[in-house]
Amino acid sequence: MKLLALVMVMFSAWEFVATAQYDKDVFLFRGRQALADGKYSLAIENFNILARLDTTDYWTFFFRGIAKYNLGDLRGAQQDFDTSVRLNPVFTSGYHYRAITLSRFGKYDEALADLQRAIDLRPGFIGLYFSRGVTYFLSRQFDKAVADFNRYIRKEPKDPSAYLNRGASYLFLSDTLKAMNDYNTAIRLDRFDPEGYIRRGRLYASSDDFDKAIADMDKAIELDTTNTFAYFNRAIMLYEKQDYIGAMDDLNRVLRDEPGNALTLYNRGLIRAQVGAYEDALSDMDRVLNINPENVLAYFNRASIFIEMERWQDALEDYDRAIELYPDFAKAYMNRAYVKNMLGDYKGSKNDYEAAQKKVQEYRAATEANAASFADTTKKYSSLLALDAEFAQKDFNDELLQHRDIDIKLRPLYKFVLAPGKDETSYALQRRYENLLIDKFMADSPVELAITNADTLWNKAVQPYIEERIYGAAADAGSSENSFLKALYEYESRQYNSALSYYDEAIRRGEETAASSPSGPGSGVEEYYNAFYYMNRGVLRAEMIDFISSIENNVQVLTMDDAGTTRARVRDQVSRQYDYSEAIEDMKHAAETVPDIPYIYFNLGNLYCLASEHVPSIDSYTKAIELYPYMGDAYFNRGLVLIYLKDREKGCIDLSRAGELGVSDAYGVIKKYCEEEQQ
């Protein structure tokens, strides 16, 4: 009885300590403060802890949803908003924010239904009408959008953003006078916001009043000298006034801040071609096609540049590709007919000319209201492109190109590394992977080890200490473990060949030890350590291949065509398939030896992916997740592979989960691939 009482007292004391240790108010405060500071990943970490401590608090999921939304993880945000309204069916803010998220997916009917629920719950909350006005605008219900913005403006007459949005709605209703009045009002309410000047300037430009348009862009740039959209628009306007030098300067200014802005590269290429700078124009078009290899307009215009340079074969190849991408491209057939004629292919030229005429006739028949419209539709292919939507659109569909390339890479391979002075702290709420074999292996090591996919945990300050432990008199020089540690040490100095030799030695000695065991193979734990030696050797082999490929891929190859012209274009760069079979075999051997370690399967997934074996890659990541459900890197890499295989929905779900598990890189990829839902 006394023992039971003692246990109860101890349990109560533990419960008190646990409650004190995990004070929910502290995590809530930290999470909300991180939200306010724009530190969204940190906010998610705190709300993750709250969600585990209390699964019934709808505010936790609501705040986490906001953080995910701001990181571009719309799917994750919607799931959290779903949870918030499930836990509290009369939670107005939950419906409101879920509606905003749904509208980003293009699910406008569902978004409007949520907004109506929110309005029914709080009809006096005027912000709901602003959000619904935006949703109506996005769903192209412009008259309803105007009505909601009217209602909002009656209550909030000094909010310039409402006038900007209503002005945009009026534009789509073809009421340019009311749109201009709204833009003027927005500028009067906030003379320091460049957005009003940009919109009004674009409206002036639409009526060919380029002097006023340029003046507005000048003002916008004066207010924000980093606003690349203003520079881009002013470049188009200056071009229309035939100020090619000024236009080029503005486009160069955009590219200084955004070197991957393909739309700007495209337009600069056209201007360079017009002023006769053909080599520079080719360079720009090559870069555009490197960013988006299916840009039919870039192929078409690059072919025109080749014609000016009398590089007929190159022009023919680009017209072939343009027609392959857009089989009804009559102008491309017409131009290809000219190129074939110059190459002496008179029959092919005649066939292309007839095909072009046929397509023109078919188009005219389909558009009887305007028999001359064919000329208008082809004119745009040689003119500068201006945006009527967001400057940050990624694809060149509907004549839009994304300007920013996100460097997307697989999360790296896991391996054992030397980790002198590593942090041994662990926290109860951290879901650290635990494995008795790994823990024993590291505990038995004479130097500190870690398993990580970070580049290095090496600390040169303790190098003499490490050398003494590995190479000193007290070291077990003949053991497989010592050879393994020497390999790790050589790796830190980038002595790859030496490290590989030591891994070979560690594996050989490990197998000899297992074979000579009195009880036979499988009787000692040392045999299982061999799995770690194979794993690290496989990682090293893969990294050696990557090192070689990085050197080769940075060397542009110059070739000569039949006309003796030097060609140095993007598509002529080295493209090789490297052999990862040895690394894969090492990793498979490790998995056969110890089949329950997620890091090995994660590495297999990476290696299969590098070898372009994508289905086995997905299977390996899935196995890693089954063994360790909190392995964010595995979700991240599997998501990338799924997106590559065009299974975007599942890929984005994986990326959302990766972000939730702390892989901050996930949110950059989510912004690139997952923000827009396919209809």
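Note that the numbering runs from 1 along the sequence shown for the chain. Computed from a predicted structure; not experimentally measured.
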Close side-chain approach of Arg75 and Thr101, heavy atoms under 4.5 Å: no
Side-chain (Asn290) to main-chain (Asp286) donor-acceptor, under 3.5 angstrom: no
Rounded distance [0.5 Å steps], OH in Tyr170 versus OG1 in Thr176: 12.5 Å
Heavy-atom closest pair, residues Val288 and Ala262: CG2-O, 3.5 Å
Gln274 side chain to Tyr239 side chain, donor-acceptor N/O pair below 3.5 angstrom: yes
Worked verdict on Tyr266 versus Asn301 for side chain to side chain donor-acceptor pair (under 3.5 Å): CA-CA 9 Å; Tyr266 176 87; Asn301 283 291; 2.9 Å; yes
Salt bridge (Lys or Arg N to Asp or Glu O under 4.0 Å) involving Asp352 - partner list, sequence neighbours excluded: Arg336, Lys340
For the student: nearest non-hydrogen atoms of Val339 and Trp312, plus distance: CG1-O, 3.4 Å
With sequence neighbours excluded, residues passing salt bridge (Lys or Arg N to Asp or Glu O under 4.0 Å) with Lys350: Glu354
Separation between CZ of Arg199 and CE of Met180, rounded to the nearest 0.5 Å: 13.0 Å
Short side-chain to backbone donor-acceptor contact, Tyr231 and Asp249, under 3.5 Å: no
Trace of the side chain to side chain contact (heavy atoms under 4.5 Å, CB included) decision for Glu110 with Asp114: CA-CA 6 Å; Glu110 295 177 40; Asp114 268 357; over 6 Å; no
Non-hydrogen atoms of Gly260 and Ile291 that approach each other most closely: O-CD1, 3.6 Å
Distance in Å, Met309 CE paired with Ser304 OG, rounded so as to fall on 0.5 Å steps: 13.0 Å
From Leu115 atom CG to Tyr136 atom OH, the distance as rounded to the nearest 0.5 Å: 8.5 Å
Flag side-chain contact, heavy atom, 4.5 Å: Val669 against Phe636: yes
Salt bridge flag under 4.0 Å for residues Arg268 and Asp280: no
Check: Ser139 side chain, Thr135 main-chain N or O, donor-acceptor pair, under 3.5 Å: yes
Donor-acceptor contact present, side-chain Tyr667 to main-chain Gly659, <3.5 Å: yes
Donor-acceptor contact present, side-chain Asp345 to main-chain Gly348, <3.5 Å: yes
Reported CG-to-CZ distance for the pair Asn227 and Arg234, which is rounded to 0.5 angstrom: 11.0 Å
Atom of His96, atom of Ser131 and distance for their closest heavy-atom approach: NE2-OG, 2.7 Å
Residues forming a salt bridge (Lys or Arg N to Asp or Glu O under 4.0 Å) with Asp73, sequence neighbours excluded: none
Residue pair Leu251 / Asn267, side-chain heavy-atom distance below 4.5 Å: yes
Pairing of Asp257 and Arg253 as salt bridge, 4.0 angstrom limit: yes
Exercise answer: donor-acceptor pairs, residues 205-214 side-chain atoms, under 3.5 Å, sequence neighbours excluded:
{"residue": "Ser206", "atom": "OG", "partner": "Leu203", "partner atom": "O", "Å": "2.6"}
{"residue": "Ser207", "atom": "OG", "partner": "Tyr204", "partner atom": "O", "Å": "2.9"}
{"residue": "Asp211", "atom": "OD1", "partner": "Lys241", "partner atom": "NZ", "Å": "3.0"}

Aromatic ring proximity Phe142/Phe137, centre distance under 6.0 Å: yes
Enclosure of Tyr244 OH (heavy-atom neighbours >12, cutoff 6.0 Å): yes
Side chains of Asn252 and Arg256 in contact at under 4.5 Å (non-hydrogen atoms): no
Whether Thr225 side chain and Ile221 backbone form a donor-acceptor pair below 3.5 Å: no
Residue list, salt bridge (Lys or Arg N to Asp or Glu O under 4.0 Å) with Asp109, at least two apart or on another chain: none
Validation row: Phe130, Asp148 side chains within 4.5 angstrom (heavy atoms): no
Any Asn261 side-chain heavy atom under 4.5 Å of Leu265 side chain: no
Ser283 side chain to Glu279 backbone, donor-acceptor under 3.5 Å: no
Approximate separation, where rounding is to 0.5 Å, of Thr226 OG1 and Glu258 CD: 9.5 Å
Side chain proximity check, Asp224 to Phe229, heavy atoms < 4.5 angstrom: no
Evaluation steps, side chain to side chain contact (heavy atoms under 4.5 Å, CB included), between Cys652 and Ile643: CA-CA 8 Å; Cys652 291; Ile643 288 174; 4.3 Å; yes
Test item: Glu317 and Tyr299 side chains (from C-beta on) under 4.5 Å apart, heavy atoms: no
Tyr319 and Asn335 side chains, donor-acceptor separation under 3.5 Å: yes
Heavy atoms from other residues, nucleotides or ligands near OH of Tyr163 exceed 12 (cutoff 6.0 Å): yes
Pairs touching residues 153-174 that satisfy salt bridge (charged side-chain N to carboxylate O under 4.0 Å, His left out), sequence neighbours left out: Arg166-Asp182
Test side chain to side chain contact (heavy atoms under 4.5 Å, CB included) applied to Val134 and Phe149, step by step: CA-CA 9 Å; Val134 172; Phe149 290 130; 4.0 Å; yes
Axial cation check for Tyr129 ring with Arg151, 6.0 Å and 45° limits: yes
Closest approach of Arg191 to Tyr197 (non-hydrogen atoms, all atoms of both residues): O-OH, 3.3 Å
Nearest non-hydrogen partners of Ala273 and Ile305, listed with the distance: CB-CG1, 3.9 Å
Pair Lys219-Ile187, side chain to side chain contact (heavy atoms under 4.5 Å, CB included): steps then yes or no: CA-CA 11 Å; Lys219 183 63 177 178; Ile187 291 171; over 6 Å; no
